[in-house]
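Below you'll find the structure, written out as C-alpha coordinates, and then a few comments.
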Protein chains: 2
Amino acid sequence: MEHPVGDPAFEDVTARARIRDAAIRLFAEHGIDGTTVRDITQAAGVSPGLLRHHFGSKEALREACDLHVLNRLVKIKEELVLEGKVASPGFLPAVHPTILLSYKYVTRALLDGSPSAAAMFDDMVVLTEQWISKNAPDVTEDYRAYAAVLVGMQSGILAMHDHVSRALGVDIFTTDGHLRMAGALADFYSHSLLDPEFVAKARGAMEPLRAPNPPTAAGTDPGAEGA
Amino acid sequence: MEHPVGDPAFEDVTARARIRDAAIRLFAEHGIDGTTVRDITQAAGVSPGLLRHHFGSKEALREACDLHVLNRLVKIKEELVLEGKVASPGFLPAVHPTILLSYKYVTRALLDGSPSAAAMFDDMVVLTEQWISKNAPDVTEDYRAYAAVLVGMQSGILAMHDHVSRALGVDIFTTDGHLRMAGALADFYSHSLLDPEFVAKARGAMEPLRAPNPPTAAGTDPGAEGA
DNA sequence: AGCGGTACTATACGCGTGTATAGCCAGCTG
DNA sequence: CAGCTGGCTATACACGCGTATAGTACCGCT
(Lines give C-alpha, C1' and ligand atoms only; values in the text may rest on other atoms or scores of the structure.)
Protein backbone atom coordinates (compact mmCIF):
# COMPACT_ATOMS: atom_id res chain seq x y z
CA MET A 1 0.00 0.00 0.00
CA GLU A 2 1.00 3.58 -0.30
CA HIS A 3 1.25 4.09 3.40
CA PRO A 4 4.38 3.17 5.28
CA VAL A 5 3.00 1.15 8.18
CA GLY A 6 6.22 1.33 10.09
CA ASP A 7 6.12 5.03 10.80
CA PRO A 8 3.77 5.61 13.74
CA ALA A 9 4.30 9.35 13.92
CA PHE A 10 3.16 9.75 10.33
CA GLU A 11 0.33 7.29 10.59
CA ASP A 12 -1.23 8.88 13.61
CA VAL A 13 -2.16 11.96 11.65
CA THR A 14 -3.41 10.08 8.64
CA ALA A 15 -7.15 9.87 8.10
CA ARG A 16 -6.71 6.17 7.48
CA ALA A 17 -5.21 5.73 10.94
CA ARG A 18 -7.89 7.91 12.48
CA ILE A 19 -10.57 5.70 10.96
CA ARG A 20 -8.83 2.56 12.21
CA ASP A 21 -8.35 3.90 15.71
CA ALA A 22 -11.93 5.12 15.93
CA ALA A 23 -13.11 1.74 14.72
CA ILE A 24 -11.01 -0.06 17.32
CA ARG A 25 -12.46 2.06 20.07
CA LEU A 26 -16.05 1.72 18.88
CA PHE A 27 -15.75 -1.98 18.09
CA ALA A 28 -14.32 -2.58 21.56
CA GLU A 29 -17.17 -0.66 23.13
CA HIS A 30 -20.22 -1.68 21.12
CA GLY A 31 -19.10 -4.67 19.09
CA ILE A 32 -19.04 -5.04 15.34
CA ASP A 33 -22.77 -5.14 14.74
CA GLY A 34 -23.36 -2.41 17.28
CA THR A 35 -21.14 -0.02 15.37
CA THR A 36 -22.09 1.54 12.04
CA VAL A 37 -19.66 2.79 9.45
CA ARG A 38 -21.23 6.19 9.90
CA ASP A 39 -20.43 6.08 13.60
CA ILE A 40 -16.82 5.31 12.78
CA THR A 41 -16.37 7.93 10.11
CA GLN A 42 -18.09 10.54 12.22
CA ALA A 43 -15.79 9.75 15.14
CA ALA A 44 -12.84 9.99 12.79
CA GLY A 45 -14.08 13.24 11.31
CA VAL A 46 -14.31 12.01 7.75
CA SER A 47 -17.01 11.07 5.30
CA PRO A 48 -18.40 7.52 5.04
CA GLY A 49 -17.03 7.11 1.55
CA LEU A 50 -13.47 7.43 2.76
CA LEU A 51 -13.77 4.28 4.83
CA ARG A 52 -14.60 2.32 1.76
CA HIS A 53 -11.85 4.06 -0.16
CA HIS A 54 -9.20 3.04 2.36
CA PHE A 55 -10.45 -0.31 3.57
CA GLY A 56 -12.88 -1.52 0.95
CA SER A 57 -15.54 -2.74 3.34
CA LYS A 58 -16.53 -2.86 6.97
CA GLU A 59 -15.40 -6.46 7.23
CA ALA A 60 -11.99 -5.64 5.78
CA LEU A 61 -11.69 -2.78 8.25
CA ARG A 62 -12.45 -5.20 11.05
CA GLU A 63 -9.65 -7.51 9.92
CA ALA A 64 -7.27 -4.58 9.74
CA CYS A 65 -8.25 -3.63 13.28
CA ASP A 66 -7.78 -7.20 14.46
CA LEU A 67 -4.30 -7.37 13.04
CA HIS A 68 -3.36 -3.96 14.37
CA VAL A 69 -4.47 -4.73 17.91
CA LEU A 70 -2.97 -8.19 17.96
CA ASN A 71 0.34 -6.89 16.66
CA ARG A 72 0.32 -4.18 19.26
CA LEU A 73 -0.34 -6.74 21.96
CA VAL A 74 2.46 -9.08 21.02
CA LYS A 75 4.79 -6.12 20.58
CA ILE A 76 4.06 -4.81 24.06
CA LYS A 77 4.32 -8.24 25.61
CA GLU A 78 7.61 -8.98 23.88
CA GLU A 79 8.97 -5.66 24.93
CA LEU A 80 7.99 -6.16 28.54
CA VAL A 81 9.18 -9.74 28.67
CA LEU A 82 12.53 -8.64 27.31
CA GLU A 83 12.81 -5.87 29.84
CA GLY A 84 11.70 -8.24 32.58
CA LYS A 85 9.61 -5.47 33.98
CA VAL A 86 6.55 -7.42 34.86
CA ALA A 87 6.11 -10.30 37.26
CA SER A 88 2.56 -11.34 36.48
CA PRO A 89 0.45 -10.71 33.37
CA GLY A 90 -2.45 -9.64 35.53
CA PHE A 91 -0.56 -6.57 36.62
CA LEU A 92 0.55 -5.71 33.12
CA PRO A 93 -1.97 -2.90 32.63
CA ALA A 94 -0.38 -1.06 35.53
CA VAL A 95 2.76 -0.75 33.47
CA HIS A 96 1.12 -0.24 30.10
CA PRO A 97 -2.29 1.35 30.65
CA THR A 98 -3.03 1.65 26.94
CA ILE A 99 -3.14 -2.12 26.79
CA LEU A 100 -6.56 -2.06 28.43
CA LEU A 101 -8.22 -0.89 25.24
CA SER A 102 -6.55 -3.73 23.39
CA TYR A 103 -7.79 -6.19 25.99
CA LYS A 104 -11.28 -4.84 25.61
CA TYR A 105 -11.06 -5.04 21.85
CA VAL A 106 -9.80 -8.61 21.80
CA THR A 107 -12.49 -9.64 24.24
CA ARG A 108 -15.18 -8.21 22.00
CA ALA A 109 -13.48 -9.76 18.99
CA LEU A 110 -13.68 -13.17 20.66
CA LEU A 111 -17.40 -12.70 21.24
CA ASP A 112 -17.92 -11.38 17.73
CA GLY A 113 -16.27 -14.42 16.20
CA SER A 114 -13.08 -12.90 14.89
CA PRO A 115 -10.82 -15.60 13.41
CA SER A 116 -7.67 -13.77 14.47
CA ALA A 117 -8.82 -13.52 18.06
CA ALA A 118 -9.88 -17.16 18.02
CA ALA A 119 -6.41 -18.14 16.84
CA MET A 120 -4.91 -16.15 19.69
CA PHE A 121 -7.20 -17.96 22.10
CA ASP A 122 -6.06 -21.31 20.77
CA ASP A 123 -2.43 -20.30 21.09
CA MET A 124 -2.98 -19.31 24.69
CA VAL A 125 -4.63 -22.64 25.44
CA VAL A 126 -1.63 -24.50 24.05
CA LEU A 127 0.80 -22.30 25.94
CA THR A 128 -1.17 -22.69 29.14
CA GLU A 129 -1.34 -26.44 28.70
CA GLN A 130 2.43 -26.57 28.37
CA TRP A 131 2.89 -24.31 31.35
CA ILE A 132 0.67 -26.48 33.52
CA SER A 133 2.31 -29.75 32.56
CA LYS A 134 5.64 -28.21 33.43
CA ASN A 135 4.90 -26.01 36.44
CA ALA A 136 1.81 -27.49 38.07
CA PRO A 137 1.36 -31.05 36.87
CA ASP A 138 -0.58 -32.17 39.93
CA VAL A 139 -3.54 -29.81 39.79
CA THR A 140 -5.48 -31.93 37.31
CA GLU A 141 -5.41 -35.03 35.19
CA ASP A 142 -7.05 -33.32 32.21
CA TYR A 143 -4.47 -30.76 31.12
CA ARG A 144 -6.35 -29.78 28.02
CA ALA A 145 -9.63 -29.07 29.78
CA TYR A 146 -7.86 -27.31 32.61
CA ALA A 147 -6.03 -25.03 30.20
CA ALA A 148 -9.17 -24.34 28.18
CA VAL A 149 -11.06 -23.51 31.35
CA LEU A 150 -8.28 -21.27 32.58
CA VAL A 151 -8.02 -19.27 29.37
CA GLY A 152 -11.79 -19.24 28.99
CA MET A 153 -12.25 -17.80 32.45
CA GLN A 154 -9.50 -15.23 32.01
CA SER A 155 -11.06 -13.90 28.83
CA GLY A 156 -14.58 -14.58 29.99
CA ILE A 157 -14.34 -12.40 33.04
CA LEU A 158 -13.36 -9.56 30.73
CA ALA A 159 -16.39 -10.35 28.59
CA MET A 160 -18.48 -9.85 31.73
CA HIS A 161 -16.78 -6.52 32.42
CA ASP A 162 -20.03 -4.61 32.69
CA HIS A 163 -21.33 -6.79 35.47
CA VAL A 164 -18.04 -7.28 37.27
CA SER A 165 -17.45 -3.55 37.17
CA ARG A 166 -20.91 -2.90 38.54
CA ALA A 167 -20.31 -5.34 41.40
CA LEU A 168 -16.96 -3.74 42.15
CA GLY A 169 -18.11 -0.16 41.77
CA VAL A 170 -15.19 0.54 39.46
CA ASP A 171 -14.60 -0.06 35.77
CA ILE A 172 -12.22 -3.01 35.41
CA PHE A 173 -10.92 -1.49 32.18
CA THR A 174 -9.38 1.33 34.12
CA THR A 175 -6.02 0.82 35.80
CA ASP A 176 -7.53 0.93 39.29
CA GLY A 177 -10.36 -1.44 38.53
CA HIS A 178 -8.17 -3.86 36.69
CA LEU A 179 -5.72 -3.96 39.57
CA ARG A 180 -8.46 -4.68 42.07
CA MET A 181 -9.75 -7.47 39.88
CA ALA A 182 -6.27 -8.84 39.35
CA GLY A 183 -5.76 -8.85 43.09
CA ALA A 184 -8.79 -11.04 43.65
CA LEU A 185 -7.70 -13.17 40.73
CA ALA A 186 -4.31 -13.65 42.37
CA ASP A 187 -6.00 -14.72 45.58
CA PHE A 188 -8.04 -17.11 43.54
CA TYR A 189 -5.00 -18.66 41.91
CA SER A 190 -2.99 -19.00 45.08
CA HIS A 191 -5.57 -20.45 47.47
CA SER A 192 -7.69 -23.55 47.27
CA LEU A 193 -11.36 -22.67 47.50
CA LEU A 194 -12.95 -26.09 47.90
CA ASP A 195 -11.91 -29.15 49.83
CA PRO A 196 -10.37 -31.67 47.40
CA GLU A 197 -12.01 -34.56 49.22
CA PHE A 198 -15.42 -32.97 48.91
CA VAL A 199 -14.87 -32.35 45.21
CA ALA A 200 -13.68 -35.89 44.65
CA LYS A 201 -16.74 -37.20 46.43
CA ALA A 202 -19.09 -35.03 44.42
CA ARG A 203 -17.36 -36.06 41.22
CA GLY A 204 -17.70 -39.71 42.11
CA ALA A 205 -21.36 -39.29 42.88
CA MET A 206 -22.02 -37.61 39.55
CA GLU A 207 -19.91 -39.98 37.49
CA PRO A 208 -22.61 -42.62 36.87
CA LEU A 209 -24.73 -39.93 35.24
CA ARG A 210 -22.28 -39.38 32.45
CA ALA A 211 -22.26 -42.65 30.49
CA PRO A 212 -25.87 -43.84 30.65
CA ASN A 213 -28.61 -42.22 28.67
CA PRO A 214 -29.47 -38.83 30.08
CA PRO A 215 -33.09 -38.21 31.04
CA THR A 216 -35.05 -37.41 27.92
CA ALA A 217 -37.83 -34.93 27.36
CA ALA A 218 -39.50 -36.14 30.52
CA GLY A 219 -38.51 -33.06 32.46
CA THR A 220 -38.81 -30.67 29.58
CA ASP A 221 -40.49 -27.30 29.60
CA PRO A 222 -42.08 -27.00 33.02
CA GLY A 223 -43.72 -23.78 31.97
CA ALA A 224 -46.36 -24.54 29.36
CA GLU A 225 -47.80 -21.15 30.11
CA GLY A 226 -51.49 -21.12 29.42
CA ALA A 227 -51.71 -17.39 29.94
CA MET B 1 -47.28 -23.24 5.77
CA GLU B 2 -44.79 -26.02 6.32
CA HIS B 3 -43.62 -26.74 9.82
CA PRO B 4 -39.96 -27.19 10.73
CA VAL B 5 -39.33 -30.82 11.44
CA GLY B 6 -37.57 -32.26 14.43
CA ASP B 7 -39.53 -30.35 16.98
CA PRO B 8 -41.53 -32.78 19.07
CA ALA B 9 -44.95 -31.86 20.29
CA PHE B 10 -45.02 -29.03 17.83
CA GLU B 11 -48.75 -28.90 17.51
CA ASP B 12 -49.43 -29.35 21.20
CA VAL B 13 -48.23 -25.96 22.28
CA THR B 14 -49.98 -22.69 21.67
CA ALA B 15 -48.59 -20.36 19.04
CA ARG B 16 -47.66 -17.89 21.72
CA ALA B 17 -45.55 -20.49 23.54
CA ARG B 18 -44.00 -21.63 20.25
CA ILE B 19 -42.95 -18.07 19.49
CA ARG B 20 -41.47 -17.67 22.96
CA ASP B 21 -39.59 -20.96 22.84
CA ALA B 22 -38.25 -20.27 19.37
CA ALA B 23 -37.14 -16.85 20.51
CA ILE B 24 -35.36 -18.30 23.54
CA ARG B 25 -33.50 -20.76 21.38
CA LEU B 26 -32.55 -18.19 18.74
CA PHE B 27 -31.68 -15.47 21.26
CA ALA B 28 -29.46 -17.94 23.10
CA GLU B 29 -27.75 -18.91 19.87
CA HIS B 30 -27.37 -15.63 18.00
CA GLY B 31 -28.14 -12.95 20.54
CA ILE B 32 -30.88 -10.35 20.40
CA ASP B 33 -29.52 -8.26 17.58
CA GLY B 34 -28.48 -11.33 15.65
CA THR B 35 -32.04 -12.60 15.60
CA THR B 36 -34.81 -11.03 13.52
CA VAL B 37 -38.48 -11.25 14.27
CA ARG B 38 -38.89 -13.01 10.95
CA ASP B 39 -36.39 -15.65 12.04
CA ILE B 40 -38.40 -16.23 15.18
CA THR B 41 -41.79 -16.38 13.55
CA GLN B 42 -40.51 -18.63 10.80
CA ALA B 43 -39.01 -21.01 13.37
CA ALA B 44 -42.32 -20.94 15.22
CA GLY B 45 -44.28 -21.53 12.04
CA VAL B 46 -46.35 -18.36 12.29
CA SER B 47 -46.53 -15.01 10.56
CA PRO B 48 -44.52 -11.99 11.73
CA GLY B 49 -47.66 -10.12 12.64
CA LEU B 50 -48.58 -12.66 15.27
CA LEU B 51 -45.49 -11.87 17.28
CA ARG B 52 -46.60 -8.30 17.56
CA HIS B 53 -50.13 -9.40 18.33
CA HIS B 54 -49.02 -11.52 21.29
CA PHE B 55 -46.04 -9.62 22.62
CA GLY B 56 -46.33 -6.10 21.27
CA SER B 57 -42.70 -5.68 20.29
CA LYS B 58 -39.41 -7.48 20.00
CA GLU B 59 -38.19 -5.88 23.21
CA ALA B 60 -41.30 -6.98 25.10
CA LEU B 61 -40.79 -10.48 23.77
CA ARG B 62 -37.24 -10.42 25.05
CA GLU B 63 -38.42 -9.49 28.52
CA ALA B 64 -40.98 -12.27 28.43
CA CYS B 65 -38.22 -14.69 27.47
CA ASP B 66 -35.99 -13.38 30.26
CA LEU B 67 -38.65 -13.92 32.85
CA HIS B 68 -39.58 -17.32 31.53
CA VAL B 69 -36.01 -18.62 31.55
CA LEU B 70 -35.18 -17.13 34.92
CA ASN B 71 -38.31 -18.58 36.45
CA ARG B 72 -37.50 -21.94 34.98
CA LEU B 73 -34.00 -21.76 36.40
CA VAL B 74 -35.06 -20.95 39.95
CA LYS B 75 -37.79 -23.56 39.75
CA ILE B 76 -35.35 -26.26 38.69
CA LYS B 77 -32.82 -25.25 41.29
CA GLU B 78 -35.37 -25.15 44.07
CA GLU B 79 -36.70 -28.50 43.04
CA LEU B 80 -33.27 -30.08 42.99
CA VAL B 81 -32.17 -28.49 46.21
CA LEU B 82 -35.29 -29.78 47.88
CA GLU B 83 -34.73 -33.26 46.55
CA GLY B 84 -31.10 -33.07 47.56
CA LYS B 85 -30.21 -34.73 44.32
CA VAL B 86 -27.20 -32.71 43.42
CA ALA B 87 -23.95 -32.19 45.26
CA SER B 88 -22.39 -29.43 43.19
CA PRO B 89 -24.01 -26.91 40.85
CA GLY B 90 -21.43 -27.66 38.20
CA PHE B 91 -22.85 -31.13 37.78
CA LEU B 92 -26.41 -29.93 37.67
CA PRO B 93 -26.77 -30.29 33.89
CA ALA B 94 -26.14 -34.01 34.26
CA VAL B 95 -29.39 -34.25 36.17
CA HIS B 96 -31.34 -31.69 34.23
CA PRO B 97 -29.99 -31.49 30.67
CA THR B 98 -32.57 -28.99 29.52
CA ILE B 99 -31.01 -26.48 31.87
CA LEU B 100 -28.15 -26.08 29.42
CA LEU B 101 -30.30 -24.04 27.06
CA SER B 102 -31.28 -21.81 29.95
CA TYR B 103 -27.64 -21.36 30.87
CA LYS B 104 -26.84 -20.44 27.30
CA TYR B 105 -29.73 -18.01 27.20
CA VAL B 106 -28.82 -16.27 30.43
CA THR B 107 -25.22 -16.00 29.31
CA ARG B 108 -26.26 -14.28 26.11
CA ALA B 109 -28.69 -12.13 28.05
CA LEU B 110 -25.84 -10.95 30.26
CA LEU B 111 -23.82 -9.99 27.19
CA ASP B 112 -26.82 -8.35 25.57
CA GLY B 113 -27.43 -6.19 28.60
CA SER B 114 -30.63 -7.71 29.91
CA PRO B 115 -31.66 -6.06 33.19
CA SER B 116 -33.17 -9.28 34.55
CA ALA B 117 -29.98 -11.20 33.89
CA ALA B 118 -27.92 -8.42 35.42
CA ALA B 119 -30.05 -8.56 38.55
CA MET B 120 -29.46 -12.29 38.73
CA PHE B 121 -25.73 -11.68 38.41
CA ASP B 122 -25.83 -9.21 41.27
CA ASP B 123 -27.75 -11.65 43.43
CA MET B 124 -25.19 -14.33 42.78
CA VAL B 125 -22.37 -11.98 43.72
CA VAL B 126 -24.05 -11.22 47.04
CA LEU B 127 -24.73 -14.89 47.70
CA THR B 128 -21.17 -15.82 46.80
CA GLU B 129 -19.79 -13.10 49.01
CA GLN B 130 -21.79 -14.44 51.94
CA TRP B 131 -20.73 -17.98 51.17
CA ILE B 132 -17.07 -17.03 51.12
CA SER B 133 -17.16 -15.07 54.33
CA LYS B 134 -18.76 -18.07 55.99
CA ASN B 135 -17.08 -21.06 54.35
CA ALA B 136 -13.72 -19.82 53.12
CA PRO B 137 -12.88 -16.61 54.95
CA ASP B 138 -9.13 -16.98 54.50
CA VAL B 139 -8.85 -17.09 50.72
CA THR B 140 -8.88 -13.32 50.33
CA GLU B 141 -9.19 -10.04 52.14
CA ASP B 142 -11.39 -8.47 49.48
CA TYR B 143 -14.56 -10.53 49.67
CA ARG B 144 -16.45 -8.35 47.27
CA ALA B 145 -13.87 -8.49 44.51
CA TYR B 146 -13.33 -12.18 45.05
CA ALA B 147 -17.05 -12.90 44.72
CA ALA B 148 -17.37 -10.67 41.66
CA VAL B 149 -14.42 -12.39 40.05
CA LEU B 150 -15.81 -15.80 40.88
CA VAL B 151 -19.25 -15.13 39.44
CA GLY B 152 -17.74 -13.27 36.50
CA MET B 153 -15.52 -16.18 35.63
CA GLN B 154 -18.29 -18.72 36.03
CA SER B 155 -20.54 -16.86 33.64
CA GLY B 156 -17.68 -15.63 31.51
CA ILE B 157 -16.43 -19.07 30.63
CA LEU B 158 -19.90 -19.81 29.32
CA ALA B 159 -19.73 -16.63 27.29
CA MET B 160 -16.57 -18.03 25.71
CA HIS B 161 -18.29 -21.31 24.96
CA ASP B 162 -17.38 -21.28 21.30
CA HIS B 163 -13.68 -21.09 22.01
CA VAL B 164 -13.67 -23.39 25.02
CA SER B 165 -15.66 -25.94 23.08
CA ARG B 166 -13.24 -25.72 20.19
CA ALA B 167 -10.29 -26.25 22.51
CA LEU B 168 -12.02 -29.22 24.12
CA GLY B 169 -13.32 -30.73 20.92
CA VAL B 170 -16.78 -30.99 22.43
CA ASP B 171 -19.62 -28.51 22.86
CA ILE B 172 -19.74 -27.46 26.50
CA PHE B 173 -23.49 -26.92 26.16
CA THR B 174 -23.97 -30.63 25.76
CA THR B 175 -24.08 -32.85 28.83
CA ASP B 176 -20.75 -34.51 28.03
CA GLY B 177 -18.95 -31.29 27.27
CA HIS B 178 -20.33 -29.53 30.29
CA LEU B 179 -19.25 -32.38 32.54
CA ARG B 180 -15.73 -32.29 31.18
CA MET B 181 -15.56 -28.56 31.76
CA ALA B 182 -17.04 -28.89 35.22
CA GLY B 183 -14.43 -31.49 36.04
CA ALA B 184 -11.59 -29.13 35.17
CA LEU B 185 -13.41 -26.40 37.05
CA ALA B 186 -13.57 -28.62 40.12
CA ASP B 187 -9.84 -29.26 39.87
CA PHE B 188 -9.38 -25.55 39.61
CA TYR B 189 -11.38 -24.84 42.73
CA SER B 190 -9.78 -27.53 44.84
CA HIS B 191 -6.10 -27.01 44.06
CA SER B 192 -3.88 -24.00 44.40
CA LEU B 193 -2.33 -23.10 41.07
CA LEU B 194 0.22 -20.50 42.08
CA ASP B 195 2.55 -20.24 45.02
CA PRO B 196 1.06 -17.77 47.53
CA GLU B 197 4.50 -16.39 48.32
CA PHE B 198 5.20 -15.73 44.67
CA VAL B 199 1.83 -14.02 44.26
CA ALA B 200 2.39 -11.91 47.36
CA LYS B 201 5.78 -10.89 46.05
CA ALA B 202 4.39 -9.96 42.64
CA ARG B 203 1.58 -8.03 44.24
CA GLY B 204 3.99 -6.10 46.41
CA ALA B 205 6.15 -5.24 43.46
CA MET B 206 3.18 -3.88 41.55
CA GLU B 207 1.62 -2.02 44.42
CA PRO B 208 3.47 1.29 43.94
CA LEU B 209 1.93 1.54 40.49
CA ARG B 210 -1.56 1.74 41.83
CA ALA B 211 -3.24 5.09 41.90
CA PRO B 212 -3.39 6.95 45.23
CA ASN B 213 -6.97 5.96 46.08
CA PRO B 214 -7.30 2.31 47.11
CA PRO B 215 -10.65 0.48 47.07
CA THR B 216 -12.66 0.93 50.23
CA ALA B 217 -14.88 -2.14 50.26
CA ALA B 218 -14.74 -5.11 52.63
CA GLY B 219 -11.52 -5.19 54.60
CA THR B 220 -8.28 -3.49 53.83
CA ASP B 221 -6.63 -3.30 50.48
CA PRO B 222 -5.07 -6.71 49.90
CA GLY B 223 -1.32 -6.58 49.70
CA ALA B 224 -1.13 -2.98 50.76
CA GLU B 225 1.67 -3.85 53.10
CA GLY B 226 3.84 -5.19 50.29
CA ALA B 227 7.05 -3.52 49.31
C1' DA C 1 1.47 25.01 -17.59
C1' DG C 2 -0.64 20.66 -18.18
C1' DC C 3 -1.41 15.99 -16.71
C1' DG C 4 -2.43 12.00 -13.76
C1' DG C 5 -3.47 10.05 -9.71
C1' DT C 6 -4.87 10.03 -5.02
C1' DA C 7 -7.31 11.62 -0.86
C1' DC C 8 -11.74 12.92 0.06
C1' DT C 9 -16.90 14.39 -0.21
C1' DA C 10 -21.80 14.30 -1.45
C1' DT C 11 -25.38 11.66 -2.69
C1' DA C 12 -27.98 7.82 -3.78
C1' DC C 13 -29.26 2.80 -4.28
C1' DG C 14 -30.89 -1.63 -2.63
C1' DC C 15 -31.92 -4.23 1.12
C1' DG C 16 -33.30 -5.88 5.62
C1' DT C 17 -35.16 -4.36 9.72
C1' DG C 18 -38.96 -3.52 13.39
C1' DT C 19 -43.38 -2.05 13.26
C1' DA C 20 -48.01 -0.74 11.74
C1' DT C 21 -52.54 -1.68 9.42
C1' DA C 22 -56.24 -3.95 7.22
C1' DG C 23 -58.65 -7.99 6.68
C1' DC C 24 -59.83 -13.14 6.98
C1' DC C 25 -61.84 -16.91 9.50
C1' DA C 26 -63.27 -19.95 13.43
C1' DG C 27 -65.91 -20.11 17.50
C1' DC C 28 -68.72 -18.47 20.81
C1' DT C 29 -72.94 -15.89 22.38
C1' DG C 30 -77.41 -13.56 21.91
C1' DC D 1 -78.97 -17.28 12.31
C1' DA D 2 -76.52 -12.60 13.15
C1' DG D 3 -72.89 -10.43 15.34
C1' DC D 4 -68.90 -9.90 17.66
C1' DT D 5 -64.36 -11.18 19.46
C1' DG D 6 -59.71 -12.75 19.07
C1' DG D 7 -56.11 -15.63 16.87
C1' DC D 8 -53.87 -15.18 12.68
C1' DT D 9 -52.12 -13.64 7.87
C1' DA D 10 -50.69 -10.58 4.15
C1' DT D 11 -48.86 -6.47 3.00
C1' DA D 12 -46.85 -2.15 3.40
C1' DC D 13 -44.34 1.71 5.54
C1' DA D 14 -40.40 4.27 7.39
C1' DC D 15 -35.93 3.92 8.54
C1' DG D 16 -31.02 2.73 9.05
C1' DC D 17 -27.70 -0.07 7.18
C1' DG D 18 -23.48 -1.26 4.08
C1' DT D 19 -22.19 -0.16 -0.21
C1' DA D 20 -21.72 2.03 -4.76
C1' DT D 21 -20.84 6.05 -7.83
C1' DA D 22 -19.89 10.55 -9.49
C1' DG D 23 -17.45 14.43 -8.66
C1' DT D 24 -13.93 17.77 -6.45
C1' DA D 25 -9.52 19.49 -4.36
C1' DC D 26 -4.80 18.84 -4.04
C1' DC D 27 -0.05 17.35 -4.93
C1' DG D 28 3.95 15.63 -7.55
C1' DC D 29 5.81 15.10 -12.01
C1' DT D 30 7.47 16.28 -16.83
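Here is the naming used below: chain letters follow the sequence lines, and residue numbers restart at 1 for every chain.
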Response to the item:
Quick note, A/L50 side chain, CB onward, closest among D/dC17, C/dT17, C/dT9 is C/dT9
Discussion item. At less than 4.0 Å, is any side-chain N or O atom of B/H53 found next to OP1 or OP2 of C/dT21? Yes or no.
Written reply: no
Fill in: Nucleotide nearest A/V37 when distance is taken to its side chain, options D/dG18, C/dT19, C/dA7
D/dG18
Worksheet item: Taking atom types as they are modelled, is there a donor-acceptor pair under 3.5 Å from the base of D/dG18 to the side chain of A/R38?
Response: yes
Worksheet entry | Listed nucleotide nearest any side-chain atom of A/A15, set C/dC8, D/dG18, D/dC8 | C/dC8
Worksheet entry | Donor-acceptor contact below 3.5 Å, side chain B/R16 vs main chain B/H54 | yes
Discussion item. From the set D/dT19, D/dC8, C/dC8, return the single nucleotide nearest to any side-chain atom of A/S57.
Written reply: D/dT19
Worksheet item: So what does A/T41 touch, heavy atoms closer than 4.0 Å: a base, only the sugar-phosphate, or nothing?
Response: nothing
Worksheet item: Below 3.5 Å, does any donor atom in the side chain of B/R52 face an acceptor in the base of C/dG18, or the other way round?
Response: no
Item to complete: Just compare C/dT9, D/dC8, C/dA7 and give me whichever is closest to any side-chain atom of A/H54.
Response: C/dA7
Worksheet item: If only atom types and distance count, is the side chain of B/Y146 paired as donor or acceptor with the main-chain N or O of B/E129 below 3.5 Å?
Response: no
Worksheet item: Aromatic rings A/F188 and B/Y189: how do their planes relate, parallel, tilted or perpendicular, breaks at 30° and 60°?
Response: perpendicular
